[in-house]
2 protein chains.
Amino acid sequence: MHDHAGTHAEAGCHGHHRPEEALARAEAVCRARDLQFTRLRRDVLEVVASQARPLGAYDIAERLSGPGKRVAAVSVYRALDFLTENGLVHRIASRNAFVSCGHTHTDGAGLVFLICRNCGSIDETTSPEIEDQLGRTLAKAGFKPSSRILEVEGECGACLGRPAED
Amino acid sequence: MHDHAGTHAEAGCHGHHRPEEALARAEAVCRARDLQFTRLRRDVLEVVASQARPLGAYDIAERLSGPGKRVAAVSVYRALDFLTENGLVHRIASRNAFVSCGHTHTDGAGLVFLICRNCGSIDETTSPEIEDQLGRTLAKAGFKPSSRILEVEGECGACLGRPAED
DNA sequence: TTGCGCGCTGATACACTGTAACATCATGCG
DNA sequence: CGCATGATGTTACAGTGTATCAGCGCGCAA
């Protein structure tokens, strides 16, 4: 069994995020699906991907705005809709916020979000075993799933190792 | 007005909701913990427990209001805070809504919410296996959990059996 | 009994999250 | 060019949740 994909960065709360990587993947996806990877969508993704913590839509709008340039929240929402539909960002329901997707899987891989209540960072992992068990549980209940969310709040390894450093 | 009680909800997805049961359990819990099970809290729980579908705070406020009696949403929120803290209702993050807890477990039993996108009902189940696997996954990630949510959206067995009944 | 503390509720205001509706702009295409 | 389509800008608004302060009820101590 292989220890899951490349989250080497999981060591730290500020697990370094690579906007370039996310952007490159987004470009590839959009090209493959013949979708427009517009400036706004790129900017939104870049902002989200540059943070280890989830950002609210209004946060993003604020970061994209500046003197003389104002980005309305509604535009951000539209971009986020596009990005989530294409698996490039995820919505964290328990926070009403968004993070960039660290993997390539679009869906159905037992995705788990680990939200640190101390440093606020989000780590993303997967567990085929959980997915498997969940599938069995749902089948037993006669339930046909179409989407699922699994979010865990607690303390990340880094914060446990050196509490309250920030 | 809203569709009160009967229209669909109970029709097929889940027949049995026992406000009395939830109320009795709430009384027991409050007595055991020396907490006040006030009128408002009781009313809120009763409304929530009477529905198979999750209710928003404003829905609850509306149902509790009537000619000459107005219950503000903020009061409902406070009651809901109390009820959730004591494991009597659960918040459904993906819906911004609340359902009464059907079990006695307060937390940590692999709780899974099954939300039917057709009839809107919520079913609650548990899976020790999922809980177990999740614990292992979290341990491997060096993450110490304090709370978790697992919500699945899809179609419930009843709706699969006879789709689009109403 | 009164006075006080404390928790619950009422009420207003406000912040945050998300959507509807419509105008505008760019692009591609016959 | 004229038109269709999709993305964005803009305003307004609905839905969700919180802050704050005031009043109320109830137990408890003096």
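Here is how names work: the chains are called A, B, and so on, in the same order as the sequence lines, proteins then strands, and each is numbered from 1. All of these numbers come straight from a predicted model, not from anything done at the bench.
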Interatomic distance, [X] [atom1] vs [N] [atom2] [rounded to whole Å]:
| X | N | atom1 | atom2 | answer |
| --- | --- | --- | --- | --- |
| A/Leu80 | C/dT19 | CG | P | 11 Å |
| B/Asp43 | C/dG10 | CG | P | 10 Å |
| B/Phe82 | C/dG7 | CZ | C1' | 11 Å |
| B/Lys69 | C/dG10 | NZ | P | 8 Å |
| A/Tyr77 | C/dT17 | OH | P | 6 Å |
| B/Asp34 | C/dC8 | CG | P | 11 Å |
| B/Arg70 | C/dA11 | CZ | P | 6 Å |
| A/Asp59 | C/dG18 | CG | P | 11 Å |

TODO: Would you tell me whether B/Thr38 and B/Gln36 have side-chain atoms, one donor and one acceptor, within less than 3.5 Å of each other?
DONE: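 Side-chain D/A pair, B/Thr38 to B/Gln36: absent.
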Are any of the side-chain nitrogens in [X] or [Y] under 4.0 Å away from the carboxylate oxygens of its partner?
| X | Y | value |
| --- | --- | --- |
| B/Arg42 | B/Glu46 | yes |
| A/Arg95 | A/Glu151 | no |
| B/Asp59 | B/Arg63 | no |

TODO: Have a look at B/Val71 and say if it touches a base, only the backbone sugar-phosphate, or nothing, with a 4.0 Å heavy-atom cut-off.
DONE: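 No contact at all - B/Val71 keeps every heavy atom at 4.0 Å or more from the nucleic acid.
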Task: Presence of donor-acceptor pair under 3.5 Å, side chain of B/Arg78 and base of C/dG10 - done: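 Per atom types, the contact qualifies.
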TODO: Flag the pair B/Tyr77 / B/Tyr58 as yes when at least one side-chain heavy-atom distance between them is below 4.5 Å, and no otherwise.
DONE: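 When only atoms from C-beta onward are counted, B/Tyr58 and B/Tyr77 do touch, with a gap below 4.5 Å.
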Open item on the list: Do B/Glu129 and A/Glu129 make a side-chain contact, defined as non-hydrogen atoms from C-beta onward lying under 4.5 Å apart?
Closed with: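 The answer is no, as the side chains (C-beta and beyond) never meet within the 4.5 Å cut-off.
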Does a side-chain N or O from [X] land closer than 4.0 Å to OP1 or OP2 of [N], or not?
| X | N | value |
| --- | --- | --- |
| A/Tyr58 | C/dT17 | no |
| A/Asn96 | C/dG18 | yes |
| A/Arg91 | C/dG18 | yes |

TODO: Give the nucleotide from the list C/dG18, C/dA20, C/dT12 with an atom nearest to the side chain of B/Val74.
DONE: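 In terms of side-chain proximity for B/Val74, the closest of C/dG18, C/dA20, C/dT12 is C/dT12.
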Open item on the list: Both A/Thr38 and B/Phe98 contact DNA chain D. Taking the nearest nucleotide for each, which residue is further toward the 5' end?
Closed with: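 The residue mapped nearer the 5' terminus is A/Thr38.
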- [ ] With a 4.0 angstrom cut-off to heavy atoms of chain B, pull out the first and last contacting nucleotide of DNA chain D, in 5'-to-3' order.
- [x]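 The contact span of chain B on DNA chain D goes from D/dT16 to D/dT20.
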TODO: Please tell me which of B/Ser75 and A/Ala57 maps to the more 5' nucleotide of DNA chain C, matching each residue to the nucleotide holding its nearest heavy atom.
DONE: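 In this pair, the answer is B/Ser75.
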Task: Test side chain to side chain contact (heavy atoms under 4.5 Å, CB included) applied to B/Leu64 and B/Ile60, step by step - done: CA-CA 6 Å; B/Leu64 289 179; B/Ile60 297 169; 4.0 Å; yes
